[in-house]
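Step one of this worksheet: look at the structure below.
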Amino acid sequence: MLAIGCDKSEHHLCQAIPGCNYSKTDQIWRLPLTWPGYVCFRTAWESAPIEIHPKLLGYGEGAWMRASQALEDRLRIDATPDFLPVIEHIEADNTMVLRPDQRGGVQWLVGYGRAGIEDPTGNGKTPVIIRALQAQQYLTGGALPALYIGNGSALFAIRDKFAEWAPELKTRVVTGTAKTRADALGEGADVYLIAWDNVRLHTRLAPYGSERLVRCPDCGGQDPRVKGGRCETHEKELNAIRFGTVIADEAHKLRNPKAKWTRAVWWLAHHAEFFWPLTGTLVADTVADPWGVMHAMDPKGWPSRSRYLDMFAVKDYNWHGGAEILGIRPDHAYALHSILQPCWRRIPKEIARPYQPPRLEPEFRYPEMAPKQATAYRQLVKEALADLEGYSVVTDNALGKYNRLCQLASSMIEQHDGEDRQGFTQDRYHLVLPSNKVDDLLEFIDDTDGQIVVAAISPWLIELAEKKLHAAQIPSAKIVGGMSHEAQYQAQQWFTQGQVRVMFINAAGSESIDLQTASVIYFMEPDTSFLQREQKIGRIDRYGQQFAVRQVYAISRGTVDERRYKLGCDKAERHDQVARDVDLMRWILTGENADWSRNER
């Protein structure tokens with residue numbers, strides 16, 4: 001424990017330290033003694049006079065030496081000579097052999113126990129995890145059973161990799177109905193594979209701030225209708241298994257601390273000896289993103305998100321009064337790097353895969369909209385701009401028209417009656433032909449050899465394209481939301497085995513799956529999310545790719561497509577702002593005020 005005694009005039013310095021609390025009994029400020037806590041303490045008090053006990057100074061020097069060693073180890077390519085025999089022993093009877101940079105990753109995870117891999121998408125992180133489990137079990141006997149949390153669409157493919165790399169480990173895919181999942185967790189296994197969206201249903205949740213946990217009467221709740229299955233403090237199937245290792249694939253999903261799957265993973269990670277998060281995009285948007293996964297890794301060192309942001313983030317206030325994170329505070333950047341980087345290993349693609357062909361510069365195609373499609377688009381732009389006049393926030397009506405414009409930029413739309421939540425009549429829209437994007441896709445397929453991955457946002461646009469390809473006798477498959485994990489796995493197998501030529505994916509198929517039998521990805525719609533765009537390209541830009549990777553974008557000229565693509569080039573997520581920032585909405589619709597878009601960067 002780190003204790004600070006100070007005058008009231010200096011209390012604000014202690015309040016700035018994440019996890020530092022005041023005791024009225026002895027008027028002392030205290031926080032857990034960890035390397036992040038120590039760094040934050042020294043950062044908060046760096047310009048104020050303070051007397052530090054020699055033992056605390058000694059702790060700081062020792063912790064810095066350990067952090068410096070981690071900074072050195074994270075950059076080491078291959079495993080050290082004293083660790084190589086461990087890997088050689090494991091691979092003695094296995095034809096699957098790691099690359100040098102992957103061997104270094106195994107030693108990193110085994111040596112530090114609670115640490116992450118941030119290698120770029122496609123470097124091959126799953127074999128590293130498998131070998132690390134084997135090595136940790138061989139050295140300590142405490143790595144198993146392990147829980148692997150990943151994308152549902154990839155669970156069966158990950159199971160297959162375990163069978164190839166570690167056939168002695170018994171794996172169990174936890175998917176299907178609630179009863180099927182519970183039964184799978186009740187069966188013995190070395191490694192359990194579960195999807196992100198299911199993990200919260202089989203464990204209690206960790207608390208976070210003022211977020212209320214749903215409780216059954218047995219756990220202090222007042223609602224008798226809440227049973228044990230819905231209770232968020234009840235011990236469930238995953239809590240009955242003492243996991244040695246928790247693995248969080250695509251760990252950037254932990255960036256929202258209010259999400260239930262985040263707090264589910266927190267609870268499991270906090271109760272496992274080893275925690276290994278994997279992601280190629282630790283910071284997808286702002287400096288706030290890493291806190292969720294770091295709290296899972298080290299809850300004592302990263303206790304408070306709000307104070308973490310106060311110390312390390314540059315904030316501004318929007319016109320509506322909300323805070324906006326602009327970047328890292330320059331005066332505290334060194335402190336943030338000193339506590340974050342020692343926890344993550346990242347080997348660039350150019351070093352890990354120097355022999356692989358490069359990713360080519362983006363190509364653009366500009367399919368002309370059909371006359372009635374273009375006419376409908378221009379009319380709707382006028383109406384959408386009229387809805388923005390005189391408002392300080394984007395209205396639901398204007399936002400709905402923006403969504404229609406996104407659809408019209410790709411296809412004609414048709415209106416039909418539906419119902420809102422209260423049962424009143426509400427306009428509903430679906431995509432119909434003609435579609436300039438679908439027509440261009442068919443033309444592109446005719447001009448391109450080999451397999452193609454086609455990315456879109458709208459499942460209805462994918463459905464239109466599927467029908468056209470079927471009519472043209474071009475075999476295709478898809479990985480989209482609403483499919484079972486088994487069906488998604490089967491679609492991937494058809495594609496990798498060459499049984500279909502075209503694979504359609506949206507967000508559901510953008511992570512953790514291997515589609516590198518294709519070297520071309522065609523975007524039917526531009527994605528405003530840099531994270532989603534990179535993840536989709538990463539399906540083909542992976543280890544084993546033999547050809548230069550082409551990324552092709554279909555853009556309808558003079559439409560929201562152009563601005564949506566431009567937003568995606570910025571590494572900032574803008575989905576939420578589209579719903580409330582009038583200036584941004586006007587720029588997306590018309591392209592006016594270009595200076596604003598540059599200033600946002």
Side-chain angles (χ1 to χ4, degrees), residues 70-71 73-79 83-84 87 91 96-112 115-135 148-151 153-154 157-158 160-162 164-166 247-253 276-284 290 293 340-341 343-360 453 492 496 509-519 521 530-549 551 571:
L71 289 170
D73 292 344
R74 73 191 292 268
L75 299 176
R76 184 182 293 115
I77 303 300
D78 203 346
F83 190 82
L84 281 175
I87 299 178
E91 295 183 340
M96 308 300 289
V97 178
L98 295 175
R99 304 189 311 265
D101 62 286
Q102 292 175 314
R103 295 196 298 256
V106 172
Q107 183 174 7
W108 167 263
L109 293 176
V110 172
Y112 286 95
I117 297 286
E118 199 196 352
D119 286 353
T121 302
N123 269 19
K125 294 185 279 290
T126 304
V128 174
I129 283 293
I130 297 172
R131 283 287 181 265
L133 276 177
Q134 293 172 302
Y148 193 113
I149 305 162
N151 265 27
S153 60
I158 294 170
D160 293 347
K161 288 186 179 180
F162 268 94
E164 290 177 341
W165 288 81
I247 301 157
D249 197 1
E250 309 298 348
H252 50 267
K253 291 180 179 290
W276 298 337
L278 314 174
T279 179
T281 47
L282 179 62
V283 179
V293 65
L340 186 62
Q341 290 188 6
C343 300
W344 292 88
R345 171 182 167 90
R346 182 178 177 88
I347 302 299
K349 167 189 169 182
E350 292 76 14
I351 295 176
R353 298 175 278 159
Y355 45 80
Q356 184 172 310
R359 181 187 300 185
L360 301 177
V453 173
Q492 179 190 356
T496 55
S510 64
E511 297 174 330
S512 301
I513 59 174
D514 298 337
L515 301 174
Q516 66 267 40
T517 53
S519 62
I521 182 166
F530 175 83
L531 172 63
Q532 280 291 316
R533 186 185 298 180
E534 283 297 300
Q535 288 287 350
K536 288 171 181 174
I537 297 173
R539 297 315 96 217
I540 65 173
D541 189 6
R542 308 183 68 75
Y543 176 67
Q545 179 58 259
Q546 300 178 4
F547 304 98
V549 171
Q551 45 179 321
K571 293 185 179 181

*Return the set of residues passing side-chain contact (heavy atoms from CB on, under 4.5 Å) with Ile351 (not counting sequence neighbours), or none when no residue passes.*
Ile77, Ile347, Pro348
_Side chain proximity check, His252 to Pro290, heavy atoms < 4.5 angstrom_ = no
*Applying side-chain contact (heavy atoms from CB on, under 4.5 Å), name anything that partners Val128, two or more places apart in sequence or on another chain.*
Gln102, Val106, Leu109
_Non-neighbouring partners of Asp101 that pass side chain to side chain donor-acceptor pair (under 3.5 Å), sequence neighbours left out_ = Arg99
*Considering only heavy atoms from C-beta outward, does the side chain of Glu250 approach that of Gln535 to under 4.5 Å?*
yes
_Applying salt bridge (Lys or Arg N to Asp or Glu O under 4.0 Å), can you list everything that pairs with Asp78, at least two apart in sequence or on another chain?_
Arg103
*Pick out which of Ile129, Asp249, Ile117 makes a side-chain contact (heavy atoms from CB on, under 4.5 Å) with Trp276.*
Ile129
*Do any N or O atoms from the side chain of Gln545 and from the backbone of Gln516 form a donor-acceptor pair under 3.5 angstrom?*
yes
*Return the set of residues passing side chain to side chain donor-acceptor pair (under 3.5 Å) with Glu164 (not counting sequence neighbours), or none when no residue passes.*
none
*Please report the shortest heavy-atom distance between Ala518 and Val453, naming the atom on each side.*
CB-CG2, 4.1 Å
*Quick one: does Ile130's side chain get under 4.5 Å of Tyr148's, heavy atoms only?*
no
*Hey, are Asp514 and Arg542 close enough for a salt bridge, meaning a charged N less than 4.0 Å from a carboxylate O?*
yes
*Side-chain contact, heavy-atom cut-off 4.5 Å: Pro127 with Leu98?*
yes
*Rounded to the nearest 0.5 Å, how far apart are CG of Leu282 and CD of Gln341?*
10.5 Å
*What closest approach, in Å, do Ala251 and Thr279 show between heavy atoms, and which atom pair accounts for it?*
N-CB, 3.8 Å
_Among residues at least two apart in sequence or on other chains, which ones pass side-chain contact (heavy atoms from CB on, under 4.5 Å) with Gln551?_
Arg359, Pro362, Ile521, Ile537, Tyr553
*In chain order, what residues pass the ring-ring contact (aromatic ring centres under 6.0 Å, His included) check against Tyr112, with sequence neighbours excluded?*
Trp108
*What residue pairs, at least two apart or across chains, pass side chain to side chain donor-acceptor pair (under 3.5 Å) with a residue in residues 117-128?*
Asn123-Arg353
*Side-chain contact test, heavy atoms from C-beta onward, threshold under 4.5 Å: evaluate it for Phe547 versus Leu360 and give yes or no.*
no
*With sequence neighbours excluded, residues passing side chain to side chain donor-acceptor pair (under 3.5 Å) with Arg345*: none
*Could you tell me which non-hydrogen atom of Ser519 sits nearest to which non-hydrogen atom of Ile540, and how far apart they are?*
C-CD1, 3.6 Å
*Side-chain donor/acceptor of Arg131 to backbone N/O of Glu91, under 3.5 Å*: no
